[in-house]
A.B. asks: 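I'd like to ask you about the structure that follows.
Throughout, protein chains are lettered first and strands after them, A, B, ... in sequence-line order, and every chain is numbered starting at 1. Values below: all heavy atoms of this structure, side chains included; hydrogens, waters and symmetry mates excluded.
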Amino acid sequence: KFFNAFEFISSMSSGFDLSNLFENK
Amino acid sequence: CFCSKKNKHTPGYEEPTVLAAETPFTVSEVEALYELFKKLSNSIISDGLIHKEEFQLALFRNRNRRNLFADRIFDLFDIKRNGVIDFGEFVRSLSVFHPNAPIEDKIKFAFRLYDLRQTGFIEREELKEMVLALLHESELVLSEDVVEMIVDKTWKDADTKGDGKIDLEEWRDLVSKSPSLLKNMTLPYLKDITLSFPSFVLRSEVEDTEI
């Protein structure tokens with residue numbers, strides 16, 4: 001199945017995962 | 001001296017009642033966020049403001065790790081465009097990621113995130129630049145042809161007006177067809193930050209019911 005480039009970016013970039021702001025505390 | 005430590009707040013501090021009234025957060029949640037903010041904003045430079053290095057340190061446990069998307073998020077959080085994030089900016093920006101935040105706010109924030117050069121449109125070159133940045137970050141190797149194919153296919157789906165750029169309306173249409181594009185725009189942690197982070201010592205000065 002083809003994946004959307006935006007989906008690729010949003011699901012894979014660690015820089016887009018703000019949960020780390022909380023988890024790394 | 002009558003000054004009390006209790007009243008010493010970071011620069012850009014705003015009353016939790018005010019921030020709670022403007023966002024989906026409760027007063028207690030804003031107070032919990034203030035505890036988190038103080039940790040983040042004093043992790044390298046003790047000035048009560050989040051610098052980009054502190055943001056990177058919090059995200060990656062590495063102050064020097066650059067990342068295109070983290071840079072963009074930092075820039076969007078930095079509403080006043082003065083190179084740092086103050087408490088008001090932190091809460092207002094994070095509120096977009098609250099599960100109860102309006103979907104339209106999430107759509108607009110994600111659009112601005114991908115509009116790298118802030119032209120009001122997402123351009124094909126920007127999309128390709130982001131794909132290449134992600135490949136670099138993930139150490140995935142894809143041939144130039146495959147990258148072009150992915151970008152082309154996405155572009156055909158998104159640029160429905162065929163004018164070579166994606167505007168907010170086209171972005172909204174794309175997201176409605178693929179809601180998972182906004183998955184990272186919601187942080188379940190924010191639903192009830194006071195329970196998710198019991199280490200925060202909370203002593204609410206104002207009851208939520210008072211606002």
A.B. asks: Is there any residue in residues 109-129 of chain B with a non-hydrogen atom under 4.5 Å from a non-hydrogen atom of chain A, and which ones are they?
C.D. replies: Leu113(B), Tyr114(B), Ile122(B), Leu127(B)
A.B. asks: Donor-acceptor check, side chain of Asn4(A) to backbone of Thr154(B), threshold 3.5 angstrom: yes or no?
C.D. replies: no
A.B. asks: Quick one: does Tyr189(B)'s side chain get under 4.5 Å of Leu18(A)'s, heavy atoms only?
C.D. replies: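 No, side chains not in contact.
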A.B. asks: Please tell me if the side chains of Ser13(A) and Asn67(B) come closer than 4.5 Å, counting only heavy atoms from C-beta onward.
C.D. replies: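 Yes, side chains in contact.
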A.B. asks: Sub-4.5 Å heavy-atom contacts with chain A: which residues of residues 165-175 of chain B show up?
C.D. replies: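 The residues closer than 4.5 Å to chain A, in numerical order, are Ile166(B), Trp171(B), Leu174(B).
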A.B. asks: Which of residues 131-142 of chain B get closer than 4.5 angstrom to chain A, counting heavy atoms alone?
C.D. replies: Val131(B), Leu134(B), Leu135(B), Glu137(B), Ser138(B), Leu140(B)
A.B. asks: Considering all heavy atoms of both residues, which atom of Ser180(B) and which atom of Ser10(A) are nearest to each other, and what is their separation?
C.D. replies: O-OG, 4.5 Å
A.B. asks: Working to the nearest 0.5 Å, report the span between CZ of Phe60(B) and CG of Asn20(A).
C.D. replies: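 Reported to 0.5 Å precision, the distance equals 7.5 Å.
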A.B. asks: For Arg72(B), which atoms come within 4.5 Å of any heavy atom of chain A: side chain, backbone, both, or neither?
C.D. replies: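 It is neither, since no heavy atom gets under 4.5 Å.
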A.B. asks: Check whether any side-chain heavy atom of Phe69(B) sits under 4.5 Å from a side-chain heavy atom of Asp17(A), and report yes or no.
C.D. replies: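 Of all side-chain heavy-atom pairs linking Asp17(A) with Phe69(B), none is under 4.5 Å.
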A.B. asks: Taking side chain as C-beta onward, heavy atoms only, is Phe16(A) less than 4.5 Å from Lys183(B)?
C.D. replies: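 Result no, sub-4.5 Å side-chain heavy-atom pair not found.
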A.B. asks: Report, by ascending residue number, the residues of residues 73-88 of chain B in heavy-atom contact with chain A at a distance under 4.5 Å; give 'none' if the set is empty.
C.D. replies: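 The list, in residue order, reads Ile73(B), Phe77(B).
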